[in-house]
Amino acid sequence: MRWRVVEAFRLEAGQLAQAMTEVSAAEWGLPTRCAPWKVSDLLVHVRVVIAWLPGMLAAPAPTCAEVSAAEYYRPDDRFAPGINAADRWAAALEKLGWGQLRFLRKATGREPITREEASDVSRLGIRWLTLG
């Protein structure tokens with residue numbers, strides 16, 4: 001049964017990856033229903049959460065939920081524009097002169113980073129996530 005779930009998830013992730021290759025540069029900046037996130041912000045969030053899954057699935061199940069889904073997703077200051085790290089992921093991209101797609105390629109290792117770019121990234125306080 002578990003292999004069927006994993007396979008279904010793998011297929012869904014593949015479909016998402018394929019769909020994202022067809023997103024235009026302008027579409028990456030469009031708003032989503034998860035305000036204040038844009039399309040690019042939401043995809044980054046999905047990727048980070050997916051990276052957590054292997055560890056979460058390998059861990060023992062909690063004895064009880066500490067927070068309900070309604071409480072976890074409540075609208076509060078976590079979603080305020082000034083709190084959103086993407087507002088800062090956007091200012092840094094401007095300073096680097098990279099578009100969102102180029103940043104994604106650099107961050108995932110699909111496009112090499114020069115020593116000068118690595119220095120700029122460090123100076124701007126950008127830390128690459130280890131996504132497994």
Side-chain angles (χ1 to χ4, degrees):
M1 172 66 166
R2 183 176 176 157
W3 69 268
R4 288 175 51 196
V5 172
V6 171
E7 180 63 9
F9 185 80
R10 187 188 69 73
L11 291 171
E12 285 294 319
Q15 290 295 313
L16 175 61
Q18 179 59 42
M20 292 300 98
T21 64
E22 299 169 9
V23 174
S24 71
E27 290 171 319
W28 284 105
L30 292 176
T32 68
R33 289 182 283 176
C34 298
W37 289 353
K38 299 177 294 221
V39 171
S40 60
D41 304 327
L42 187 56
L43 182 62
V44 168
H45 176 73
V46 167
R47 177 59 186 104
V48 168
V49 172
I50 288 171
W52 292 343
L53 284 177
M56 291 167 47
L57 292 172
T63 56
C64 65
E66 295 179 16
V67 177
S68 71
E71 185 179 4
Y72 182 83
Y73 291 105
R74 73 192 178 280
D76 62 15
D77 62 346
R78 293 174 295 163
F79 301 102
I83 302 297
N84 193 344
D87 290 340
R88 290 186 291 273
W89 273 87
L93 290 183
E94 274 185 44
K95 290 177 182 173
L96 289 168
W98 296 349
Q100 291 173 338
L101 291 176
R102 186 164 190 207
F103 177 80
L104 186 59
R105 286 193 302 268
K106 298 269 187 186
T108 58
R110 291 186 177 108
E111 184 177 325
I113 296 177
T114 67
R115 285 187 181 170
E116 182 179 299
E117 289 170 334
S119 176
D120 291 341
V121 164
S122 179
R123 181 179 43 78
L124 291 168
I126 297 171
R127 293 175 294 161
W128 303 123
L129 296 175
T130 303
L131 301 176

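Hydrophobic clustering, with ILVMFWY side chains joined whenever heavy atoms are under 4.5 angstrom apart, keeps Val5 apart from Leu53. Residues Ile50 and Val6 do not share a hydrophobic cluster, defined by chaining ILVMFWY side chains whose heavy atoms lie under 4.5 Å apart. Leu11 and Trp3 fall into different hydrophobic clusters, where Ile, Leu, Val, Met, Phe, Trp and Tyr residues are linked whenever their side-chain heavy atoms come under 4.5 Å apart, directly or through other members.
In this structure, Pro54 and Ala51 approach most closely via the heavy-atom pair CD-O, 3.4 Å. Of all heavy-atom pairs spanning Arg102 and Glu117, the tightest one is NH2-OE2, 3.5 Å.
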For this session: Begin from the C-alpha positions of Glu7 and Arg10 and carry the test salt bridge (charged side-chain N to carboxylate O under 4.0 Å, His left out) through to its verdict.
Result: CA-CA 5 Å; Glu7 180 63 9; Arg10 187 188 69 73; 2.7 Å; yes

Exercise. Passes side-chain contact (heavy atoms from CB on, under 4.5 Å), Asp41 versus Thr32? Steps please.
Worked result: CA-CA 9 Å; Asp41 304 327; Thr32 68; over 6 Å; no

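For the atom pair CD (Glu94) and CG (Leu124), the distance works out to 11.5 Å, reported to the nearest 0.5 Å. Rounding to the nearest 0.5 Å gives a distance of 9.0 Å between CG of Leu57 and CZ of Phe9. His45 contributes atom NE2, which lies 4.0 Å from atom CH2 of Trp37 (distance to the nearest 0.5 angstrom).
In the displayed structure, Glu66 atom CD is contacted under 6.0 Å by at most 12 heavy atoms of other residues, nucleotides or ligands. Enclosure of atom CZ in Arg4 is not indicated, since only 12 or fewer non-hydrogen atoms of other residues, nucleotides or ligands lie within 6.0 angstrom.
With hydrogens and angles disregarded, no donor-acceptor distance shorter than 3.5 Å links the side chain of Ser122 to the backbone of Ser119.
Between Leu101 and Val23 there is no side-chain heavy-atom pair separated by less than 4.5 Å.
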